Amino acid sequence: MKTAVISDTHNLLRQEAAEIIRDCGAVIHGGDICSPKILEEIRAVMKKGAPLFAVRGNCDSGLWVEEIPLKLEFELSGVRFFLVHNKKDIPEDLKADVVVFGHSHKYYEEIRDNRLWLNPGSCGRRRFNLPVTMAVMDINKGEYSVKRIELLKEFSTEKPDKNLLKNIEFIMKLMDKGYSIEAICKKTGLDSDFVEQTARIIVTHPGVDAEGIMNKTEVKEAMINSPKQICRRFFRV
């Protein structure tokens, strides 16, 4: 059974991930789903009758998460799984062949204590400069193999328009005046993900200028993932 292993989608199911899921017989999600819409999108592309195993992450909140467990134990084709979001919450008395977790957005794969420890990374929102990744397991009669898959290996090569620098500079000025991200989005009409990523760079990189922000991986990705009408503000088309 081919099984898609994902985590930390953070309210974004990428088309590349969805296409891989479409070809799998089961899906495992390590938490930080952030919206029931993501689970609906996953189920919409899954094979009919294929199981979806998901746990709650630290960023999952609201009434909808009450049906999402904090940890989960299950079996697929003779392989025992233990699924949890944060590695710190893994108990010592495990009976699993495979432990799947998330949280760090960083891919991790190791055979230890005669079991597989697997963090598929994030195939949703990119964190810092970490790769966007997931895993696919091939499971059959108690045996398995794992394949690491990296998405978004390259960014768009289009050159940004000067208006992009002006927008970033304006966001910087509004932040200096104490405006919240929500207020900045309302005032500028810019995409919320772009504003959020820009604001994050301003806070975490004191002294950075608008051009430096524009060249950051997170901001580039936010531009690419923004609605077309927003992208037209940023790129010559």
Side-chain angles (χ1 to χ4, degrees), residues 6-18 31-42 57-62 64-65 85 102-106 121-134 151-237:
I6 62 177
S7 188
D8 296 88
T9 43
H10 285 271
N11 205 24
L12 173 64
L13 181 65
R14 297 181 185 278
Q15 185 61 37
E16 301 94 331
D32 274 4
I33 306 159
C34 295
S35 169
K37 181 188 73 171
I38 297 302
L39 295 178
E40 293 171 4
E41 291 179 1
I42 292 173
N58 61 291
C59 292
D60 294 323
S61 61
W64 68 276
V65 303
H85 180 63
H103 189 56
S104 70
H105 293 225
K106 186 176 182 180
S122 170
C123 65
R125 304 286 180 188
R126 185 190 295 270
R127 183 177 185 184
F128 307 120
N129 291 323
L130 293 174
V132 176
T133 59
M134 62 180 292
L151 309 175
L152 294 182
K153 292 184 178 180
E154 296 181 0
F155 287 110
S156 170
T157 57
E158 293 182 270
K159 294 183 179 180
D161 195 285
K162 291 181 180 179
N163 286 333
L164 172 58
L165 282 173
K166 291 181 180 179
N167 285 330
I168 293 175
E169 289 171 353
F170 191 40
I171 292 171
M172 295 175 77
K173 288 180 181 178
L174 292 176
M175 285 193 67
D176 285 340
K177 293 180 178 180
Y179 280 80
S180 66
I181 291 175
E182 183 179 0
I184 292 173
C185 292
K186 186 174 181 180
K187 189 174 183 66
T188 63
L190 294 172
D191 179 68
S192 60
D193 190 39
F194 169 70
V195 174
E196 182 179 349
Q197 296 296 345
T198 300
R200 183 176 299 174
I201 297 300
I202 293 170
V203 171
T204 57
H205 294 73
V208 69
D209 60 12
E211 188 171 351
I213 293 171
M214 184 175 66
N215 291 327
K216 289 292 181 182
T217 298
E218 304 95 309
V219 175
K220 287 181 179 180
E221 184 180 344
M223 289 187 287
I224 294 169
N225 289 327
S226 296
K228 290 183 178 180
Q229 66 268 24
I230 299 298
C231 289
R232 290 193 184 102
R233 298 188 183 199
F234 300 151
F235 297 114
R236 294 188 180 94
V237 292

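Every value quoted in this text rests on a predicted model; they were computed, and no experiment measured them. FYI, side chains are in, hydrogens and waters are out, and symmetry mates aren't considered; it's all heavy atoms of this structure.
Remark: Lys173 engages no residue in a side chain to side chain contact (heavy atoms under 4.5 Å, CB included) (not counting sequence neighbours). Contacts of Asp209 classified as side chain to side chain contact (heavy atoms under 4.5 Å, CB included), with partners at least two apart in sequence or in another chain: Glu211. Glu182 is linked by a salt bridge (Lys or Arg N to Asp or Glu O under 4.0 Å) to nothing, counting only residues two or more places apart in sequence or in another chain. Partners of Lys37 by side chain to side chain contact (heavy atoms under 4.5 Å, CB included), not counting sequence neighbours, listed by chain and number: Asn11, Ser35, Glu41. Applying the side chain to side chain donor-acceptor pair (under 3.5 Å) criterion to Ser192, with sequence neighbours excluded, gives no partner residue. Every side chain to side chain donor-acceptor pair (under 3.5 Å) that Gln15 has, sequence neighbours left out, goes to Glu19.
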Would Leu39 and Trp64 count as a side-chain contact (heavy atoms from CB on, under 4.5 Å) here? Give the steps. CA-CA 11 Å; Leu39 295 178; Trp64 68 276; 4.1 Å; yes
For a side-chain contact (heavy atoms from CB on, under 4.5 Å) check, start with the C-alpha distance between Ile38 and His10, then their side-chain angles and the critical distance, and finish with the verdict. CA-CA 9 Å; Ile38 297 302; His10 285 271; over 6 Å; no
Check the pair Met172 / Ile213 against side-chain contact (heavy atoms from CB on, under 4.5 Å), numbers first and verdict last. CA-CA 10 Å; Met172 295 175 77; Ile213 293 171; 3.9 Å; yes
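Of all heavy-atom pairs between Cys123 and Leu151, the closest is CB-CD1, 4.0 Å.
How far CG of Asp8 is from OG of Ser104: 7.5 Å, rounded to the nearest 0.5 Å. One finds the NE2 atom of His85 at 6.0 Å from the OG atom of Ser7 (value rounded to the nearest 0.5 Å). Ile168 CD1 to Phe194 CZ: the interatomic distance, rounded to the nearest 0.5 Å, is 4.5 Å. Distance check, rounded to the nearest 0.5 Å: OG1 of Thr9 to CD1 of Ile42 gives 6.0 Å. Separation of atoms CG (Asp60) and CD1 (Ile33) is listed at 5.0 Å; rounding is to 0.5 Å. In this structure, OG1 on Thr198 lies 9.5 Å from CD1 on Ile181, to the nearest 0.5 angstrom.
Of the possible polar contacts, one joining the Asp32 side chain to the Cys59 backbone as a donor-acceptor pair under 3.5 Å is found.
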